[in-house]
> 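Before we start, here is the structure in question, set down as structure tokens.
As the structure lists them, so they are numbered: ligands from 1, and atoms in each ligand from 1. If you read the sequence from its start, that first residue is 1, and numbering goes on from there.
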Amino acid sequence: MKNVLITGAAGFLGSHLCDRFVKEGYHVIAMDNLITGDLKNIEHLSDNENFKFVNHDVSEHITIEGELDYILHFASPASPIDYLKIPIQTLKVGSLGTHNLLGLAKAKGARMLIASTSEVYGDPLVHPQTEEYYGNVNPIGPRGVYDEAKRFQEAITMAYHTYHSVETRIVRIFNTYGPRMRLNDGRVLPAFIGQALRGEDLTVFGKGNQTRSFCYVDDLIEGIYRLLLSDYALPVNIGNPDEITILDFAQEIIKLTGTSQKIIYKDLPVDDPMQRQPDIAKAKELLQWEPKVSRTEGLKITYEYFKGLNQDELNKVEHKNFDQYVK
Ligand code: UDP
């Protein structure tokens, strides 16, 4: 039986990875410090003998007994509101946390996959974004703490690959959605669905002509799984190229939820990328991967999940739009 360490395991993507690796017959060590993660995302695994939860901050030294075959580093605040609230932790988990985990990978002879992001492309001047594009990032803007931590993470990962021959994989994740997203993480899908469910107007930032391309979580997990098992060490985009404006997306959510609420407009946050669409030619060729779940299908499943939350959870929104990410 192979051992895999998953960091950020109680988060949205981390918890889905835990499910997948348990299902594939791995022994999963699930690590999280629960800053943005939630144990309820993995509580269904708690009785499984091949699953072990460890409460630890990966920015501090990590000790794991026994052998380790794979490490998947998914610990990080991941929404603009989160990383604005906890900017230093965001920088530390991407930098110090990655360094600790690479050291662990080296010591154990494990293969390590890091969760990078489309944010390394910043507000992109190349469209759709290919892996060769270097990006257009403002290091000192509000998103800099996340974007630059992730860019550093890629750099140190490649350095360990080159200088220490650690086997590494880099996935650049584009906007992903699905069950277990946090209703109050500030991101557009939980924001809109939460607003519809609470009977509030939907807040579109700017004119809503900025675009995103949304990938359903199961598709993403499949892409990551294939990348981990591949022999390709350079970054690979994983996402769904089906691009939509935020205004059209708000209208889709209104239709899906049947809400009678309207759209209201708020200021566009600083450095909000105007367009985003992954070029997935590399994933198609190297991994024979492409997304299978349409937005219509994926949104339906996700809406059912959010509808199933209780009223307390629904109302537990600590911030409304956090003044569109503090000016
Ligand atoms: N957005 C919006 N209303 C909201 C939350 C977000 O119009 O209540 C917009 C945001 O300005 C951005 C897009 O939706 O253009 C996606 O934002 P999100 O935070 O989900 O992710 P990002 O891709 O910007 O990291």
> For Arg187, which part has a heavy atom under 4.0 Å from ligand 1: side chain, backbone, both, or neither?
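Both backbone and side chain of Arg187 come within 4.0 Å of ligand 1.
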> Between Asp38 and Arg180, does any side-chain N to carboxylate O distance fall below 4.0 Å?
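Here Asp38 does not pair with Arg180 in a salt bridge, since their nearest N and O are not under 4.0 Å apart.
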> Before accepting this row, confirm whether a basic side-chain N of the pair Arg172/Glu154 lies closer than 4.0 Å to the acidic partner's carboxylate O.
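Salt bridge flag = yes for Glu154 with Arg172.
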> Taking distance alone, with no angle check, do Gln195 and ligand 1 share an N/O pair under 3.5 Å?
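By distance alone, the answer is no.
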> Over all heavy atoms of both residues, which pair between Pro241 and Pro291 is shortest? Give the atoms and the distance, please.
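In terms of heavy atoms, the two residues are closest at CD-CG, 4.0 Å.
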> What do we get for Ser118 next to ligand 1 when only non-hydrogen atoms under 4.0 Å count, side chain, backbone, both or neither?
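The answer is neither; Ser118 stays 4.0 Å or more away.
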> Do you know the tightest heavy-atom contact between Phe192 and Thr203?
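It is CE2-O, 3.1 Å.
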> What atoms of ligand 1 come closer than 4.0 angstrom to any heavy atom of Gly186?
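It comes down to these atoms of ligand 1: 5 (C).
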> Answer side chain, backbone, both or neither: which part of Pro273 comes under 4.0 Å from ligand 1, heavy atoms only.
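None of Pro273 does.
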> Show me which atoms of ligand 1 lie under 4.0 Å from any heavy atom of Gln210.
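Near Gln210, meaning under 4.0 Å from one of its heavy atoms, ligand 1 has 9 (C), 11 (O), 15 (O).
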> With a 4.0 Å heavy-atom cut-off (strictly under), which part of Arg143 contacts ligand 1: side chain, backbone, both or neither?
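The side chain, only.
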> Is there a path of hydrophobic side-chain contacts, each under 4.5 Å between heavy atoms, that joins Val58 and Ile6?
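Per the 4.5 Å side-chain linkage, Val58 and Ile6 are co-clustered.
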> Is the contact between Glu119 and ligand 1 made by the side chain, the backbone, both, or neither, using heavy atoms and a 4.0 Å cut-off?
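Looking at Glu119 and ligand 1, just side chain atoms fall under 4.0 Å.
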> With a 4.0 Å cut-off on heavy atoms, does Ser79 reach ligand 1?
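No, that is not the case, since the closest heavy atom of the residue is not under 4.0 Å from the ligand.
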> Do NZ/NE/NH1/NH2 and the carboxylate oxygens of Glu297 and Lys300 come within less than 4.0 Å?
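No, no charged N to carboxylate O under 4.0 Å.
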> Could you list which atoms of ligand 1 come closer than 4.0 Å to a heavy atom of Val204?
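Those of ligand 1 that fall under 4.0 Å from Val204 are 7 (O).
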> For Arg151, what residues pass the side chain to side chain contact (heavy atoms under 4.5 Å, CB included) criterion, not counting sequence neighbours?
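Arg151 satisfies side chain to side chain contact (heavy atoms under 4.5 Å, CB included) with Val120, Val137, Glu148 once adjacent residues are dropped.
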> Are Lys92 and Asp57 within salt-bridge range, i.e. N to O under 4.0 Å?
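Salt bridge: no.
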> At a 4.0 Å threshold, what atoms of ligand 1 neighbour a non-hydrogen atom of Ala191?
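Counting from 1, the qualifying ligand atoms are 8 (O).
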> Out of Leu268, Thr203, Asp82, Ile263, who is nearest to atom 8 (O) of ligand 1 when you count heavy atoms only?
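That would be Thr203.
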> Any idea which part of Asp272 is under 4.0 Å from ligand 1, heavy-atom wise: side chain, backbone, both or neither?
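It is the side chain that gets close, since no backbone atom is under 4.0 Å.
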> List ligand 1 atoms under 4.0 Å from Asn175, heavy atoms only on the residue side.
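Numbered from 1, ligand 1 contributes 21 (O), 22 (P), 23 (O).
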> Would you check whether Phe249 reaches within less than 4.0 Å of ligand 1, judged by its heavy atoms?
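Contact check Phe249 vs ligand 1: negative.
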> Under 4.0 angstrom from ligand 1, any heavy atom of Arg276?
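Under 4.0 Å: yes for Arg276.
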> Taking Glu119 first and then Lys150, would you say they form a salt bridge - that is, a charged N and a carboxylate O separated by under 4.0 Å?
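No salt bridge links Glu119 with Lys150.
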> Using the ring of Phe249 (Phe, Tyr or Trp, six-membered ring only), decide whether Arg212 places NZ or CZ under 6.0 Å from its centre and within 45 degrees of its axis.
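No, Arg212 and Phe249 do not form such a contact.
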> Relative to the heavy atoms of Ile246, which atoms of ligand 1 are at a distance of less than 4.0 Å?
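Selected atoms, number and element: 7 (O), 13 (C), 14 (O).
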> Quick check: are there more than 12 heavy atoms from other residues, nucleotides or ligands sitting under 6.0 Å from OH of Tyr305?
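Enclosed: over 12 neighbouring heavy atoms sit under 6.0 Å from OH of Tyr305.
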> Indicate yes or no: does an N/O atom of Phe205 lie under 3.5 Å from an N/O atom of ligand 1?
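Min N/O separation from ligand 1 is below 3.5 Å for Phe205.
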